[in-house]
Amino acid sequence: MSASNQFHTAAASPWTSEDAWIGSRRPILEAHALPAAVYANQDFYDLESERVFGTSWVCIGVADEMRPEGQVMVRDIAGLSIIVTMDTQGGLRGFANSCRHRGTRLIESDCTIGRTIRCPYHRWGYDRDGNLISTPQFADAGVDDFDPADFGLHPVRVEQWECLLFATLDHDAPSVDEWFGDLGRRLSGYRLESWRTHDSTMLDIRANWKLITENFQEYYHLPWIHPELAKVSRVVDHYRYQGYGMYCGQTTTPITNDERGDWAAMPPAEGLDHSDMASGRFIALFPNVMLSVLPNHVFVIRLEPLGPGITREHCTWLLPRDPRTSLARTSP
Ligand code: FES
Ligand SMILES: [Fe+2]
């Protein structure tokens, strides 16, 4: 992972000194938490945006948010606006959301376009592969020595992993499969790429994004904060679910049916092995996803930092595509 990408140059900072992290890098039984300022300091937030979000595979949504008929997704990563399209071959494509003429933002928010992305300023047009295909009045004005092939949209890497979409600004980053190491193999029995969105919502949380994902990664608080959940996902049944890769996982095995039996009301996905059928997998994907995988539903929380003290949570519930239930939708 490089410390900068083609859109940003990392600045020197006291936060990049090893001394700032000595306490948190001790062996687990001696280590302490991160310095308090990293949850509130604007300078740290800005540097983190460059060094973490500017160089990682950042989750930008759930796969079935993208539809083939001209859908465009608009996302911010590390302060850069990007657009995601499906190209003419049905593949995912990512681009900087910036016109090659004068840098105007091309698209403000998620929408459906026809075949052409049209700049609002002077109406340059790009196809969904990012090629510049129209430049109004250039021919009449006698502009020559201009090759539209030199002015396609700047590409950004976008990949699907399981049921999620990721983008990175780092041209040198490994593939998203490599990024998550052995996790794809561990989750392969669920065939998550075929699961479909059932419902979604959005929440703005007055907390730093790291506090939210750190809270997800500990179950110490379950008996007092989530007594109902602690009956199904019992503290004593938690285990590490960890291998190499940019994730931190725990599993509850077995999940216990409580007296209400609500969580087991929906049928499980077909073809799960004994372990997947009996377990809940709770996995923090670095940096910005909290993924809960149960036999009959998946809960995704995608974190979008908006500032040092505020984070937008994009929450999505997915269900297996299963002939025994009509609950799973084929499009959101
Ligand atoms: S800035 Fe886009 S066409 Fe001029
Ligand atoms: Fe909690």
Side-chain angles (χ1 to χ4, degrees), residues 33 39 72 74 80-83 85 95-109 111 113-141 143 146-155 201 203-239 241 248-252 255-256 258 262-263 280-285 288-294 297-303 311 313-317:
Y39 301 97
V72 179
V74 180
L80 185 85
S81 180
I82 68 165
I83 56 178
T85 69
F95 305 103
N97 187 8
S98 176
C99 181
R100 291 298 308 280
H101 180 217
R102 298 282 293 160
T104 298
R105 180 176 289 232
L106 293 166
I107 300 177
E108 288 299 324
S109 58
C111 61
I113 58 163
R115 278 197 289 268
T116 307
I117 299 167
R118 191 75 68 182
C119 178
Y121 199 177
H122 311 98
R123 306 297 286 172
W124 280 23
Y126 304 86
D127 66 19
R128 284 190 265 150
D129 297 24
N131 301 307
L132 178 62
I133 54 173
S134 70
T135 52
Q137 300 178 1
F138 259 43
D140 298 344
V143 177
F146 175 82
D147 185 352
D150 294 334
F151 291 90
L153 297 177
H154 288 302
T201 193
L203 303 167
D204 283 351
I205 308 294
R206 295 208 163 276
N208 184 270
W209 70 275
K210 295 186 294 300
L211 283 177
I212 298 172
T213 187
E214 286 169 3
N215 173 70
F216 179 79
Q217 292 170 56
E218 60 97 340
Y219 50 89
Y220 187 16
H221 67 278
L222 252 59
W224 304 281
I225 306 299
H226 313 293
E228 294 299 320
L229 174 61
K231 293 177 186 170
V232 176
S233 179
R234 301 191 319 159
V235 169
V236 294
D237 294 327
H238 278 68
Y239 302 94
Y241 185 72
C248 180
Q250 53 188 290
T251 180
T252 302
I255 330 167
T256 304
D258 65 3
D262 289 353
W263 84 266
R281 320 293 194 191
F282 306 100
I283 307 156
L285 305 177
N288 72 322
V289 177
M290 300 182 294
L291 179 66
S292 300
V293 181
L294 285 103
H297 72 279
V298 161
F299 182 39
V300 176
I301 302 178
R302 174 170 67 88
L303 301 177
T311 303
E313 287 191 351
H314 301 268
C315 308
T316 308
W317 290 263

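Every number for a ligand or one of its atoms is a count from 1 in the order of the listing.
- For the residue pair Ser134 and Arg118, a side-chain donor N or O sits within less than 3.5 Å of a side-chain acceptor on the partner.
- Ile113 places a side-chain heavy atom less than 4.5 Å from the side chain of Arg128.
- With the Fe ion (ligand 2) as the vertex, atom NE2 of His221 and atom NE2 of His226 span an angle of 100° (nearest 10 degrees).
- Every atom of ligand 1 is numbered from 1 in the order shown, and the set under 4.0 Å from a heavy atom of Cys119 is 1 (S), 2 (Fe), 3 (S).
- Against a heavy-atom cut-off of under 4.0 Å, Cys99 is close to the following atoms of ligand 1: 1 (S), 2 (Fe), 3 (S).
- Taking a cut-off of under 4.0 Å to the non-hydrogen atoms of Thr104, the atoms of ligand 1 that pass are 1 (S).
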Checking Ile82 against Asn97 for the side-chain contact (heavy atoms from CB on, under 4.5 Å) test, could you report, in this order, the C-alpha distance in whole Å, the side-chain angles of both residues, the deciding distance, and whether it holds? CA-CA 5 Å; Ile82 68 165; Asn97 187 8; 5.6 Å; no
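- Here His101 contributes ND1 and His122 contributes ND1, and at atom 4 (Fe) of ligand 1 these two atoms make an angle of 90°, given to 10°.
- The contact set between ligand 1 and Trp124, taken as ligand atoms under 4.0 Å from a residue heavy atom, comprises 3 (S).
- Proximity of Lys231 to Thr256: side-chain heavy atoms (C-beta onward) are nowhere separated by under 4.5 Å.
- Residue contacts with ligand 1 for Tyr121 involve side-chain atoms from C-beta outward but no N, CA, C or O (heavy atoms, distance under 4.0 Å).
- To the nearest 0.5 angstrom, Asp129 atom CG is 9.5 Å from Ile117 atom CD1.
- Residues Arg234 and Thr252 share a closest heavy-atom pair of N-CG2, 4.0 Å.
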